[in-house]
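Here the structure is laid out as structure tokens; the discussion comes afterwards.
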There are 2 protein chains.
Amino acid sequence: MSTAEETAGGETSAWGEVTPDAARRLLIAAVEAFAERGYHATTTRDIAGRAGMSPAALYIHYKTKEELLHRISRIGHEKALEILRTAARREGSPAERLADAVSSFVRWHAGGRTTARVVQYELDSLGPDARDEILALRRQCDAEVRGIIEDGVAAGDFDVLDVKGTTLAVMSLCIDVARWFNVDGPWTPEEVGALDADLVLRMVGAK
Amino acid sequence: MSTAEETAGGETSAWGEVTPDAARRLLIAAVEAFAERGYHATTTRDIAGRAGMSPAALYIHYKTKEELLHRISRIGHEKALEILRTAARREGSPAERLADAVSSFVRWHAGGRTTARVVQYELDSLGPDARDEILALRRQCDAEVRGIIEDGVAAGDFDVLDVKGTTLAVMSLCIDVARWFNVDGPWTPEEVGALDADLVLRMVGAK
DNA sequence: GCCCCGGGTGAGCGAGCGCTTAGTACGCTG
DNA sequence: CAGCGTACTAAGCGCTCGCTCACCCGGGGC
């Protein structure tokens with residue numbers, strides 16, 4: 001139950017759009033199980049059990065186990081894109097917008113590590129069609145960040161050698177947080193967000 | 001066969017210490033399979049098939065499928081540690097040593113992406129004892145990088161707010177290469193290594 | 001009051017899993 | 001060339017997987 005309670009605070013609210021209630025409970029159970037053990041090591045019995053239902057109940061709301069992963073992945077990527085888009089399109093200098101994008105994106109990866117892990121690392125478990133759909137969302141995420149960096153370069157605020165490569169490095173810094181961040185560790189999501197935002201501003205040579 | 005040939009050039013040579021020949025072939029087959037599909041999605045039949053042997057042959061050389069992952073993970077981490085240690089202990093300024101560490105570590109993740117993926121992302125598939133052993137090696141890797149950064153700070157060459165956090169960010173940049181690097185993509189391992197080394201020097205505020 | 005229908009269950013199917021066992025081919029020793 | 005150990009295979013065991021099916025239960029319309 002500790003995991004359910006742990007995620008119940010900050011993460012569960014993100015799945016409010018999923019209805020009916022039983023389908024949402026199954027989805028949340030799947031996120032937790034996939035994050036803990038990985039997609040292939042998770043059984044449908046485990047997911048149903050965490051949701052307090054029989055194994056067969058899963059198939060009333062989802063056609064296959066993969067559909068669960070697909071739904072989670074799409075909703076998660078849409079949320080990630082929304083975070084980056086909001087930061088990219090706000091008022092402010094390129095440096096402010098980049099720092100905002102990085103710190104909020106990192107906070108999402110650290111605070112919602114359960115979801116972020118599934119979203120970032122279980123892509124290869126999807127079939128080709130679903131993967132292609134998710135990859136398109138991922139490219140849009142990259143494009144938002146690249147856009148900010150290009151703005152900074154155009155304005156003369158940033159000093160960047162390789163915009164595309166630097167964009168990828170910025171994304172690496174944010175995404176890899178989901179791999180190492182530990183809720184019981186020495187940092188809060190806010191602290192890591194602030195630290196990484198500072199490091200990214202250094203990377204782009206912000207004036 | 002294309003995968004076998006692809007890795008045969010740069011990666012297979014790293015497994016020279018594994019004997020006898022059949023055990024090495026099985027290990028290389030396992031690395032490829034684990035990297036492509038993940039540990040849990042890989043079957044022992046698949047590993048044996050790639051090595052041109054029957055399923056039962058695997059159990060002459062390895063007690064379990066997990067032992068294969070354990071062996072791969074240990075050898076890989078030892079190689080990673082050796083790379084970082086060599087860079088950390090060479091002659092030169094902290095900036096030169098840090099750039100060397102990052103570029104060679106990144107080259108290893110990009111060029112040997114097959115191996116690096118297994119080493120960096122399949123840790124949780126190991127049992128508790130094996131995982132603890134590997135985590136100790138991982139902490140040693142972090143310590144080597146942190147040592148260089150501390151040297152730079154002590155010498156007044158670097159300007160760093162949070163040494164521990166910056167170390168983690170540097171590791172993130174390197175490790176995440178294994179997630180996104182594509183052999184058919186626009187960059188060579190050397191180019192990514194040089195780019196990331198430059199970005200890391202900016203992160204630590206190298207003079 | 002009865003029917004119906006959507007959400008749920010218990011039991012279990014076929015398939016594929018990790019791993020074992022009985023038997024075989026082969027090279028080395030005397 | 002007999003004897004033996006090592007490396008390997010064909011067959012298959014017991015189990016668990018994703019998923020299905022026959023049945024059940026409770027609330028709304030007539």
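Reminder, nothing fancy here: chain letters follow the sequence lines and each chain counts from 1.
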Item to check | salt_bridge(Asp124(A), Arg37(B)) N-O dist < 4.0 Å | outcome: no
Checklist entry - Is it the case that His70(B) and Glu133(B) place a side-chain donor and acceptor less than 3.5 Å from each other? => result yes
Checklist outcome for this item: Rounded to whole Å, CG of Leu58(A) lies from P of dC21(D) at a distance of 16 Å
Checklist entry - Hey, is the main chain of Ala51(A) close enough, under 3.5 Å, to the side chain of Arg25(A) for a donor-acceptor pair? => result yes
Item to check | Whole angstrom value for the distance that separates C1' of dC17(C) from CD1 of Ile47(B) | outcome: 12 Å
Item to check | Whole-Å distance separating the OH atom of Tyr39(B) from the C1' atom of dC17(C) | outcome: 12 Å
Checklist entry - With Val102(B), which of Leu173(B), Leu201(B), Ile148(B), Val200(B) fulfils side-chain contact (heavy atoms from CB on, under 4.5 Å)? => result Val200(B)
Checklist entry - dG18(C) C1' sits how many Å from Lys63(B) NZ, rounded? => result 15 Å
Can you check nucleotides 22-28 of chain D for protein contacts, nitrogen or oxygen pairs under 3.5 Å, and list what you find?
none

Checklist entry - Restricting to pairs with a member in residues 28-67 of chain A, which pass ring pair (Phe, Tyr, Trp, His ring centres under 6.0 Å), not counting sequence neighbours? => result Phe34(A)-Tyr39(A)
Checklist entry - For the pair made of CD1 in Ile60(B) and C1' in dA7(D), what is the distance, rounded to whole Å? => result 5 Å
Would you list the protein and nucleotides 10-12 of chain C atom pairs, both N or O, that sit under 3.5 Å from each other?
| unit_1 | atom_1 | unit_2 | atom_2 | d |
| --- | --- | --- | --- | --- |
| dG12(C) | O6 | Arg45(A) | NH2 | 3.4 |

Checklist entry - Hey, is Glu144(A) close enough to Arg89(A) for a salt bridge, meaning N to O under 4.0 Å? => result yes
Checklist entry - With respect to the side chain of Lys65(A), which nucleotide from dG18(C), dC8(D), dC19(D) is positioned closest? => result dC19(D)
Checklist entry - Looking at Thr44(A), does any N or O in its side chain come under 4.0 Å of the phosphate oxygens OP1/OP2 on dG18(D)? => result yes
Item to check | Nucleic acid contacts - residues 67-74 of chain B versus DNA chain D, non-hydrogen atoms under 4.0 Å | outcome: none
Checklist entry - Any side-chain N or O of His40(B) less than 4.0 Å from the OP1 or OP2 oxygen of dC17(C)? => result no
Checklist entry - Met53(B) has an atom CE; how far is it from atom C1' of dT6(D), in whole Å? => result 12 Å
Checklist entry - Hey, mind stepping through Asp100(A) and Arg97(A) against salt bridge (charged side-chain N to carboxylate O under 4.0 Å, His left out) and telling me if it holds? => result CA-CA 5 Å; Asp100(A) 191 10; Arg97(A) 286 157 56 216; over 6 Å; no
Checklist entry - Nearest-Å distance, CG (Asp46(B)) to P (dC17(C))? => result 9 Å
Item to check | Which residues share a ring-ring contact (aromatic ring centres under 6.0 Å, His included) with Phe158(A), sequence neighbours left out | outcome: none
Checklist entry - Is Asp142(A) paired with Lys164(A) through a side-chain N to carboxylate O contact shorter than 4.0 Å? => result no
Checklist entry - Tyr59(B) OH to dT21(C) C1': how many Å, rounded? => result 14 Å
Checklist entry - Arg179(B) and Asp176(B): salt bridge (charged side-chain N to carboxylate O under 4.0 Å, His left out), yes or no, with the steps? => result CA-CA 5 Å; Arg179(B) 186 184 57 87; Asp176(B) 197 64; 2.8 Å; yes
Checklist entry - Taking only residues two or more places apart in sequence or in another chain, which ones pass ring-ring contact (aromatic ring centres under 6.0 Å, His included) with Phe181(B)? => result none
